[in-house]
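Count residues from 1 along the sequence.
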Amino acid sequence: MAIPPLLAVYAKANPFMRQTANAFPTCEGALQLAMEQTAFTLQNARCLVIGAGRIGMLLARKLYALDAQVTVSARCTRDFARIAAAGLHALDTRSLAGHLAGFDLIFNTVPAPILTTEVLSNMKPPCFIIDLASLPGGVAADTLLPDGCRVLHALSLPGKVAPLSAARAVFDTVDTILHEEGIL
């Protein structure tokens, strides 16, 4: 039996399996960027994590472990319950406008342009947004940031901050699929 091309096998992988292993280097890279790009410690920093998926919740837990004040935004009751059970504050993603003034750092994991000029209008400098989401990202293309606030689009962090771990995650995913398909 011929072995299928690697990219075809990887593309066939369950997205959860493909993305879970790379959540760790994504979160570690986000923390690294936050520490390098700000003039304050993460301890006591007021952080908002937009999105309560794999990356959002993992990042929120890591920030909490560093004694940051963490709020996670989500849209569904199940996610609000998970956020509360983790000891974190919750905010409805559909109601972000008017609620961002109190945050020092905003980490976006939602791959949809939800951060518009209107939503970001009450941010206070030196607020910093780290957009971790896949394209198109969470900051709308035509968004105007308040003076003194910044955004960094941080795509492909696993391969940049932990290339060996990222490669291992891809290898393990392909290896699992090839075994499941009986090819190996």
Side-chain angles (χ1 to χ4, degrees), residues 5-40 42 45-64 66 68 70-75 79 91 93-94 96 100 103-120 123 125-146 148-174 177:
L6 183 62
L7 272 173
V9 171
Y10 190 66
K12 182 180 178 183
N14 175 328
F16 182 79
M17 184 169 53
R18 278 199 326 252
Q19 296 165 0
T20 300
N22 272 332
F24 291 96
T26 298
C27 292
E28 290 178 16
L31 294 173
Q32 177 184 349
L33 288 171
M35 289 187 264
E36 290 174 348
Q37 297 288 322
T38 59
F40 50 85
L42 293 176
R46 297 161 304 170
C47 301
L48 171 62
V49 177
I50 301 173
R54 291 175 312 282
I55 291 172
M57 287 305 292
L58 180 61
L59 178 58
R61 287 192 302 271
K62 289 184 178 296
L63 287 163
Y64 183 78
L66 292 169
V70 183
T71 300
V72 180
S73 80
R75 294 181 300 169
D79 289 336
L91 183 62
T93 303
R94 296 164 293 201
L96 292 175
L100 302 184
F103 295 106
D104 304 309
L105 283 164
I106 297 173
F107 299 88
N108 177 61
T109 67
V110 176
I114 59 172
L115 298 173
T116 62
T117 300
E118 177 189 353
V119 170
L120 299 179
M123 285 180 23
C127 188
F128 183 43
I129 300 169
I130 299 177
D131 195 348
L132 302 169
S134 302
L135 292 176
V139 180
D142 60 349
T143 296
L144 300 173
L145 294 174
C149 296
R150 300 179 298 138
V151 64
L152 175 65
H153 298 279
L155 298 173
S156 306
L157 280 180
K160 293 175 183 172
V161 301
L164 291 177
S165 296
R168 185 71 193 176
V170 172
F171 174 84
D172 289 346
T173 300
V174 172
I177 293 165

Next item on the list: Could you check Asn108, Val110, Leu59 and say which one makes a side-chain contact (heavy atoms from CB on, under 4.5 Å) with Leu132?
Entry: Leu59

Check: Only one of Ile55, Leu63, Leu58, Thr71 clears side-chain contact (heavy atoms from CB on, under 4.5 Å) with Val49; which?
Finding: Leu63

Next item on the list: Could you tell me which non-hydrogen atom of Val139 sits nearest to which non-hydrogen atom of Asp131, and how far apart they are?
Entry: N-OD2, 3.2 Å

Next item on the list: Drop me the distance from Arg54's CZ to Asn22's CG, to the nearest 0.5 angstrom.
Entry: 10.0 Å

Item checked: Test side chain to side chain contact (heavy atoms under 4.5 Å, CB included) applied to Thr143 and Leu115, step by step -> CA-CA 7 Å; Thr143 296; Leu115 298 173; 5.6 Å; no

Check: Listed by chain and number, what are the salt bridge (charged side-chain N to carboxylate O under 4.0 Å, His left out) partners of Arg168, not counting sequence neighbours?
Finding: Asp172

Item checked: Approximate separation, where rounding is to 0.5 Å, of Leu157 CG and Thr26 OG1 -> 6.0 Å

Notebook entry, point to check: Quick one: CG on Leu31 to CG on Leu66, what's the gap to the nearest 0.5 Å?
Noted result: 6.0 Å

Check: What is the minimum heavy-atom distance between Ala34 and Leu105, and which atoms define it?
Finding: CB-CD1, 4.1 Å

Item checked: Charged tip of Arg150 within 45° of Phe128 ring normal and under 6.0 Å -> yes

Margin query: How about CZ on Arg75, more than 12 heavy atoms from neighbouring residues, nucleotides or ligands closer than 6.0 Å, or not?
Written below: no

Item checked: Note, Ile114 side chain near Ile50 side chain (heavy atom, < 4.5 Å) -> yes

Margin query: To the nearest 0.5 Å, what is the distance between CD1 on Ile129 and CE on Met123?
Written below: 4.0 Å

Item checked: Shortest non-hydrogen contact between Leu96 and Leu48, atoms and distance -> CD2-CD2, 4.3 Å

Notebook entry, point to check: About how many Å separate CG of Leu164 and CZ of Phe171, when rounded to the nearest 0.5 Å?
Noted result: 13.5 Å

Next item on the list: Return yes when atom CD of Glu118 has more than 12 non-hydrogen atoms of other residues, nucleotides or ligands closer than 6.0 Å, and no otherwise.
Entry: no

Notebook entry, point to check: For the residue pair Ile130 and Ala30, what are the closest heavy atoms and their distance?
Noted result: CD1-O, 3.9 Å

Item checked: Shortest non-hydrogen contact from Leu120 toward Leu100 -> CD2-CD1, 3.6 Å

Next item on the list: Identify the heavy atoms of Ala133 and Leu155 that sit nearest to each other, and give their distance.
Entry: O-CD2, 3.0 Å

